[in-house]
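Contents: one structure, followed by commentary.
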Amino acid sequence: EFALVFANLEGRPAGSVFAERVLDAFVLPFQIDGKSLHISASIGISLFTGGEHSMDSVLQQADMALQQAKRAGGNTLCFFNTDMQTSVLERASLEADLHKALERNELALHYQVQVDHQGVTTGVEALLRWYHPLRGWVSPATFIPLAEENRLILPIGYWVLRSACEQLAKWSHQTAYAPLSISVNVSSVQFQQPEFVRDVEALLAETQAPPSRLVLEVTESLLMHEPTRVRNTMLRLRAKGVRFALDDFGTGYSSLSYLKRLPLDELKIDQSFIHELLTDKTDAAIVDTTILLAVSLGLTVVAEGVEKKEQLDWLRGHGCYRYQGYLFGRPTPIEYLFESY
Ligand code: C2E
Ligand code: MG
Ligand code: MG
């Protein structure tokens, strides 16, 4: 990365002219050792009006604009504007609050039921919720990626695992609930920690949760890096009785070789395919094929996001016998989960 400082530029138009000249310099390939190398550039521009700003803040603004230029596909230029600053500040403030969320007890686990084709509840998925004192409920889709970036997902993920294990231990003493499993989403960041296996084993021992009732949900992105190590981690936990589910199947690489090599028990078809199941022929074909594939590999196949009776009928007719979705219940605090029981 380079910083170019131009003195005495007359505003935006002059800034563009200079930046475009820089971009033009990259149009032709560079000749190095008889080889042609193509390089593109991304440029972020901040106009320094003097006085009120420090040098650091000008560079920071140029960097925000640069990130924007890269997100726009690169090989382009982008001027800083205050919206960028707002979104960066917004992120920073959310991040600072997330740091405090654990100790302030703002995180909660909600549970969503999974049922079989006879309508019997077979287990639940634990879904994280953050109740922010000012913003209200913040979606995990917003804060989990943030927590993964700043590694807060490690203490948060540990807390989720502990809560789920404690719940499993409680249920193990109640005949009606003892057969239920709890599925826990595990971030790749968390899974790749060297102490992950030790942590899970210690939690199981400490809480006395039955390991065979714990299902760890992983996503295909995890399987991309170091598949051998991932496989070994899974095998060690599986030897204890812990089960594994592949979440959001179909949205990632859906590589068949992973499916064959990894010790998986369950495959969860992503809800995006279920939504249009009845109207979109391609989605229906994907779901149908996935069910056949899962069954032939000996995996339990779970459909996510089932909202309509017709979707359920279709799935049942095509050999899928496990479901999760609003049709059966929304994610709910544990005390209301089995209210109707
Ligand atoms: P996921 O694991 O695929 O969870 C299913 C998501 O679908 C949940 O969203 C759930 O509320 C939603 N859902 C369930 N049934 C329906 C339905 O019928 N219709 C629709 N439209 N949606 C349905 P949620 O709770 O917002 O969680 C989003 C994602 O955040 C999860 O996707 C998971 O990837 C992540 N997440 C949630 N809790 C945790 C956690 O404790 N740790 C980690 N690492 N990730 C988590
Ligand atoms: Mg999940
Ligand atoms: Mg999912």
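In each ligand, atom 1 is the first atom listed, and ligand 1 is the first ligand listed.
Atom 1 (P) of ligand 1 is approached by the protein to below 4.0 angstrom, counting heavy atoms only.
Within the 2.8 Å limit, Glu304 places at least one N, O or S atom next to the Mg ion (ligand 3). At a cut-off of 2.8 Å, Asp270 does not coordinate the Mg ion (ligand 3) through any N, O or S atom. At a cut-off of 2.8 Å, Glu125 coordinates the Mg ion (ligand 2) through an N, O or S atom. The distance from the Mg ion (ligand 2) to the nearest N/O/S atom of Asn185 is under 2.8 Å. Between the Mg ion (ligand 2) and Asp247 there is an N/O/S contact shorter than 2.8 Å.
Applying the side-chain hydrogen bond (donor to acceptor under 3.5 Å, both in side chains) test to residues at least two apart or on different chains, none of the pairs has a partner in residues 284-304.
Within the 4.0 Å heavy-atom criterion, neither part of Leu327 lies near ligand 1. Residue-level proximity to ligand 1 for Pro331 is carried by the side chain, the only part with a heavy atom below 4.0 angstrom. When non-hydrogen atoms are compared, ligand 1 lies under 4.0 Å from the side chain of Gln271 (C-beta onward) but not from its backbone. Heavy atoms of Val160 found under 4.0 angstrom from ligand 1 belong exclusively to the side chain. Under 4.0 Å from ligand 1, not a single heavy atom of Val184 appears. Under 4.0 Å from ligand 1, the heavy atoms of Glu304 that appear belong solely to its side chain.
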Verdict with reasoning, Val184 to Val215, per side-chain contact (heavy atoms from CB on, under 4.5 Å): CA-CA 6 Å; Val184 173; Val215 180; over 6 Å; no

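Inclusion of Pro140 in the set of residues having an N or O under 3.5 Å from an N or O of ligand 1 is not warranted.
Taking the six-membered ring where tryptophan is involved, the planes of Trp171 and Tyr111 are tilted, since the angle between them lies from 30° to 60°. Using bins of under 30°, 30° to 60° and over 60° for the plane-to-plane angle, the ring pair Tyr323/Phe328 lands in the parallel bin. Using the six-membered ring where Trp is involved, Tyr321 and His117 have ring planes that are tilted, between 30° and 60° apart.
For ligand 1, the atoms sitting less than 4.0 Å from at least one non-hydrogen atom of Arg129 are 11 (O), 24 (P), 25 (O), numbered in the order shown with element in parentheses.
Of the options Glu125, His275, His110, Gln112, the smallest heavy-atom separation from atom 14 (C) of ligand 1 is shown by Gln112.
Using a 4.0 Å cutoff on heavy atoms, Gln324 does not count as a contact of ligand 1.
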